[in-house]
Amino acid sequence: MRNAEAFDAILVNSYFSRESVLRAYGLDASVCYLGVDTGLFVDMDLPRENFVLGVGAFVPEKNIEFVIEALALVPQPRPRLIWVGNVGDAHYVSKLHALASRLEVPFEARIRVSDAEIVSLYNRAKLLLYAPRLEPFGFAPLEANSCGCPVVAVAEGGVRETVAHRINGSLVDAGSAAMASAVAHLLSDESTWRELHRRTRPFVLEHWSLEKSIDRLEARFENILSTGGAAV
């Protein structure tokens, strides 16, 4: 608390994080949004395949079980779920495989893939499914969008600020039936999917590029320095 109070300004990555700082410390913070590398995450115009993608560490907080349970409600033939994570406990990954097998959801876990592979997956997947619990910001939806991949995400945490409903994806309630319905609709309605696909990368370039994030950060620093303050 004393460390936080020592600074003239606190910068956070989302309004959700701002609210969290206010609840925890009783201090106001300023939002300074992050950005993604649109030079790395590019739309390669590859044919889209019959799989959906999940990205995040293999930990319960990423809500992978929820995504599997939602896909189990999508009519057959269901898309394959490929989940990519930078870390993963073998026991937990085995538990996910068992759940997917029981619910008849094709499931593949990939751990510590290269940048080239994740970019390729974003370019070949039909959708990114995103449902972490109270994620402060979340890069994966914007990385996917930068590669032309629409997102179906639970409207929770900072995701409500990066995913614009019916612009770069679909925001759904935190229920497996709601996610299943959105996934089934986008997989079966090619025109709606293509409209979202068309908007994804321009949306990121306009709002969420690294260049935009640097401009925002520099503007915050200039404002802080002009008043003789310090930031954290």
Side-chain angles (χ1 to χ4, degrees), residues 4 9-38 40-41 43 52-57 59 61-64 66-67 70 84 118 122 125 127-175 178-179 181-183 186 192-193 195-221 223-224 231-232:
I10 299 173
L11 303 182
V12 293
N13 58 10
S14 66
Y15 284 98
F16 174 73
S17 294
R18 183 181 186 278
E19 293 162 355
S20 298
V21 170
L22 185 61
R23 283 193 298 269
Y25 300 115
L27 300 173
D28 283 326
S30 298
V31 176
C32 189
Y33 282 130
L34 304 172
V36 298
D37 187 349
T38 55
L40 171 63
F41 297 100
D43 186 352
V52 295
L53 188 63
V55 174
V59 294
E61 291 79 8
K62 296 302 182 182
N63 232 3
I64 306 172
F66 169 84
V67 173
V84 176
I118 188 62
Y122 279 140
L127 298 168
L128 174 77
L129 307 189
Y130 202 68
R133 299 313 315 267
L134 298 176
E135 188 81 22
F137 182 76
F139 279 102
L142 298 177
E143 293 172 352
N145 282 172
S146 190
C147 297
C149 183
V151 180
V152 177
V154 172
E156 189 173 294
V159 177
R160 293 169 294 180
E161 300 169 49
T162 57
V163 178
H165 188 57
R166 297 182 179 176
I167 300 297
N168 60 329
S170 292
L171 287 173
V172 300
D173 292 335
M179 176 166 275
S181 177
V183 170
L186 289 175
T192 300
W193 182 90
E195 187 63 20
L196 290 178
H197 164 73
R198 182 182 66 81
R199 294 171 179 167
T200 51
R201 184 165 173 84
F203 181 80
V204 173
L205 291 172
E206 182 177 358
H207 301 287
W208 300 104
S209 68
L210 279 180
E211 291 78 10
K212 296 286 186 181
S213 69
I214 292 169
D215 289 343
R216 289 189 285 264
L217 185 59
E218 287 180 342
R220 290 294 185 184
F221 283 166
N223 179 260
I224 293 165
V232 58

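Position 1 is the first residue of the sequence; numbering continues from there.
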Can you give me the closest heavy-atom contact between [X] and [Y], atom names plus distance?
X: Val31; Y: Arg220; result: O-NH2, 3.1 Å
X: Ala4; Y: Leu27; result: CB-CD1, 3.6 Å
X: Ile64; Y: Ala57; result: CD1-O, 3.9 Å
X: Asn13; Y: Pro136; result: OD1-O, 3.9 Å
X: Lys62; Y: Gly56; result: CG-C, 4.2 Å
X: Met179; Y: Val67; result: SD-CG2, 4.4 Å

Is there a side-chain contact between [X] and [Y] (heavy atoms, below 4.5 Å)?
X: Tyr122; Y: Val55; result: yes
X: Asn145; Y: Arg199; result: no
X: Thr192; Y: Leu186; result: yes
X: Leu134; Y: Phe16; result: yes
X: Asp28; Y: Leu22; result: yes
X: Asn168; Y: Val204; result: no
X: Pro150; Y: Trp193; result: yes
X: Tyr25; Y: Ile10; result: no

Original post:
Which class fits the ring pair Phe137 and Tyr33: parallel under 30°, tilted 30 to 60°, perpendicular over 60°?
Top reply: tilted

